[in-house]
There are 4 protein chains.
Amino acid sequence: MGRRRNPDRQRQILDTARRLFGSRGYHATQIADIAESLQIGHGTVYRYFSNKRDIYEQVFDEVVAQYAAALTHEAPGQANSLEEYEAQLRRISATLTALFGEGPEGLRLTLQAQTIDDAMRERFQCAMSAFSAVSAMRLQNGIAKGFLRADLDAIATADLLLSATFEAVRKTAEASDPAAAGIRYLEASIGLFIRGVRA
Amino acid sequence: MGRRRNPDRQRQILDTARRLFGSRGYHATQIADIAESLQIGHGTVYRYFSNKRDIYEQVFDEVVAQYAAALTHEAPGQANSLEEYEAQLRRISATLTALFGEGPEGLRLTLQAQTIDDAMRERFQCAMSAFSAVSAMRLQNGIAKGFLRADLDAIATADLLLSATFEAVRKTAEASDPAAAGIRYLEASIGLFIRGVRA
Amino acid sequence: MGRRRNPDRQRQILDTARRLFGSRGYHATQIADIAESLQIGHGTVYRYFSNKRDIYEQVFDEVVAQYAAALTHEAPGQANSLEEYEAQLRRISATLTALFGEGPEGLRLTLQAQTIDDAMRERFQCAMSAFSAVSAMRLQNGIAKGFLRADLDAIATADLLLSATFEAVRKTAEASDPAAAGIRYLEASIGLFIRGVRA
Amino acid sequence: MGRRRNPDRQRQILDTARRLFGSRGYHATQIADIAESLQIGHGTVYRYFSNKRDIYEQVFDEVVAQYAAALTHEAPGQANSLEEYEAQLRRISATLTALFGEGPEGLRLTLQAQTIDDAMRERFQCAMSAFSAVSAMRLQNGIAKGFLRADLDAIATADLLLSATFEAVRKTAEASDPAAAGIRYLEASIGLFIRGVRA
DNA sequence: AATGAATGAGTTTTCATTCAT
DNA sequence: AATGAATGAAAACTCATTCAT
């Protein structure tokens, strides 16, 4: 492949791929679509990536890393009261919503990992488990400190919280007025979760 | 002279397609895979369906119809107290879990509608909106009758409940011990929702 | 193939094949179309013919035989004057028109021999040459007897007469009022030929 | 980013398709045959044409346009005497013969339009009617000006002339010595027509 | 004898990938 | 380095033919 001369190009390709894979889907997006969208020759794409799957993999990794950053930025043991836990949830939601402000592609995109090959399926499962585990640790911390209810099933509840959080982000990104939708879904989810898990 | 004499074949193909489209994905599943899985020639598939997309469409419709049946079986205005609402939620969860007892394919499968073509994308959006609307009506009923909190954002909350419910079903279907997981996710979600929405 | 039990069936299949091959074309006509048109199972067709090409071959032979009968019924040396030659032409035209009264399929059908395989292409060429040769002999007879012009190129003119005769038959068969069209094309062609070839 | 950079390729494919569709027939010619004949990959064909039918359609249009140019080049009202009409016929024949000097494919090819689909069948009928109409106008002109016989059925005779003209061209193109055959068929047809139609 | 479900060889068509310019 | 023409493996789809009932 030689040296990669233009570092912007790589970035542009990843961004475009993220947008197209996310909106149309991996299989419905051709390399030529990505190239055309950037007004470059489609052969050029192969100077920066070895194949289509490679592009997907890098996009997937970036999206997952962004989720991970948003979800793990707040150390699980940090919150000492319900108020602090709520503030944590609000910060996480805000970060996710900001990340996916451009559109709902990121979330759809990761789900498609399951339709690519066994290796990607595996990586997807793994990432989701990790997110869930962090969320569960946050709940465990609250139970231990007594501000979340003692009978809470941390693991199962973490999955539910995570899925609802993603849904809130997705709906926000899809909305015609994302700012308003963001507030609405944020309040609805905080209102639901805090009442649902507090001691 | 009649067409399609063997109704079992059609059923078998739909079931196999549902399983494969759900697990490997639509694009990763070839007509030949479906045929091979049934130990029939691939030409046979075309005696029962006009093309691959036609198979997907019928599978999609069946899955959506099953969701719809589970979600709408309970009339939205039926519940008159929090206890009745909880019982409703439990029945819905039980029905969904039973439906997807065989595996988590159904849910994954419907998401893929978005990667097939614009028409399927449209149908998917439409189905999801309908489910959400029914869920929201159930919440509105509770607010009107005073057993759910007055400040509840019925529409946004309905989306969150729906997504968490699907997640619970999915996790249950995927679990190594579905029976145990079912009870666990059911209790976790009921515990979360009821506290989250009650007056 | 065993015994062919129902001789009518064979006839019906040939007639239907002639109609469909002629109107839609050989390749655009499926065995199933022929069977459906007769309200029989398409497997039944194979009790009477060994394959699709075999049906075509028999239909082709029948059509060619009918042409041949019409064109050769009148012995080439029979006519002794222009009036007798004209009467001959009229009888030939009448016979052909009667044969193809049902429709213009016959003529179109034979042309398709060229798109089936080399062997059929060969047979087609051969049949056309034979027709042309008979027509040329008729002209030679007239030249020899002095009622056709001496400078006539019998071979080339025979080809032209033949093609125009077929065109007249085709147009007649296609017309909305075949009886009227038949008279019209007959008079036009006789008017043209007789003046064109007489001494 | 532009499409179809190599205009020669498109031309080569059209020429090869014309030759093969004309000689073997549309259905007996595979895309792979066209590609192989040009020593290119069969995928390449699809860079220039969207599908097989599209190639046929373009070839058909070209052939029909060539006929049309030859037949309509001479304005129908131009001839003022039998000599001028004869000269017109000779020029038309010469043009057609020159066009189909390469071989008899063009004529056979157009006939196959009837075996492709209803739309092509329609276009074929339409083109033939137009040719016939122009030929008829030429005859009407001669009748009006008195150098063709008054009792001539212009419409019917035009069909006969057209079919015989095509036959002459076809025979010429097929002949082992096209130059000699061309003169022979030209003289035979002029000799027949002029005598057949003059006043 | 008749049937039509099943079959798979044979085509068309797509699109990721290569490579000469 | 960038390009896009060319490629061909792979997948969808068709339909003549077979054969169990």
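What's counted below: heavy atoms across the whole structure, side chains too, no hydrogens, waters or symmetry copies. Numbered from 1 within each chain, the chains take letters A, B, ... in sequence-line order.
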When rounded to whole Å, the CD1 to C1' distance for the pair D:Ile34 and E:dT13 reads 14 Å
What is the distance, rounded to the nearest whole Å, between atom CD1 of D:Ile40 and atom P of F:dG8? 11 Å
Quick one: do the B:Arg19 and B:Ser37 side chains pair a donor with an acceptor below 3.5 Å? yes
Tell me which nucleotide among F:dG4, E:dA2, E:dT13 gets nearest to the side chain of D:Arg47. F:dG4
Would you give the length of the straight line joining atom OG1 of B:Thr16 to atom CG of B:Leu38, rounded to the nearest 0.5 angstrom? 3.5 Å
Re E:dT14: Watson-Crick or G-U wobble partner, both distances kept under 3.5 Å, found to be F:dA9
For D:Asn51 and C:Gly43, find the nucleotide of DNA chain E closest to each by heavy atoms; which residue's nucleotide sits nearer the 5' end? C:Gly43
Rounded to whole angstroms, how far apart are CG on D:Asp33 and P on E:dT11? 8 Å
If you measure from the Lys or Arg side-chain nitrogens to the Asp or Glu carboxylate oxygens, is any gap between D:Asp15 and D:Arg18 under 4.0 Å? no
Sorted by position of nearest nucleotide on DNA chain F, 5' first, the leading residue of C:Ala32 and B:Ala32 is B:Ala32
For C:Tyr56 and C:Ala113, indicate whether the former's side chain and the latter's backbone hold a donor-acceptor pair under 3.5 Å. yes
Please determine, for E:dG8, whether a Watson-Crick or G-U wobble partner exists with both distances under 3.5 Å, and give it or none. F:dC15
Heavy-atom check, side chain of C:Lys52 versus side chain of C:Phe21, under 4.5 Å: yes
Taking only the side-chain nitrogens and oxygens of D:Tyr48, find out if one of them lies under 4.0 Å from OP1 or OP2 of F:dA6. yes
Any donor-acceptor pair under 3.5 Å between the side chain of B:His42 and the base of E:dA9? yes
At less than 4.0 Å, is any side-chain N or O atom of B:Tyr46 found next to OP1 or OP2 of F:dC13? Yes or no. yes
To the nearest Å, give me how far apart NE2 (B:His27) and C1' (E:dA16) are. 15 Å
Could you state the atom-to-atom distance from CD1 of B:Ile31 to P of E:dT12 in whole Å? 20 Å
Across all strands, who's sitting opposite F:dT21 as a Watson-Crick or G-U wobble pair, both distances under 3.5 Å? E:dA2
Side chain of B:Thr44 (C-beta onward), nearest among F:dT3, E:dT7, F:dA9: E:dT7
Could you tell me whether B:Arg24 and B:Glu105 make a salt bridge, using a distance below 4.0 angstrom between a side-chain N and a carboxylate O? no
By nearest-heavy-atom nucleotide on DNA chain E, the more 5' of C:Val45 and D:Lys52 is C:Val45
For a quick test of reading the model: is some side-chain N or O of B:Arg9 closer than 4.0 Å to OP1 or OP2 of E:dA5? no
Nearest-angstrom distance from the residue atom CD of B:Glu36 to P of E:dG8: 12 Å
To the nearest angstrom, the CD-P distance between C:Gln39 and E:dT3 comes to 10 Å
Measure from CZ on A:Arg53 to P on E:dT17 and round the result to the nearest Å. 11 Å
Of the nucleotides E:dT14, E:dC15, F:dC15, which has the atom closest to the A:Gln30 side chain? E:dC15
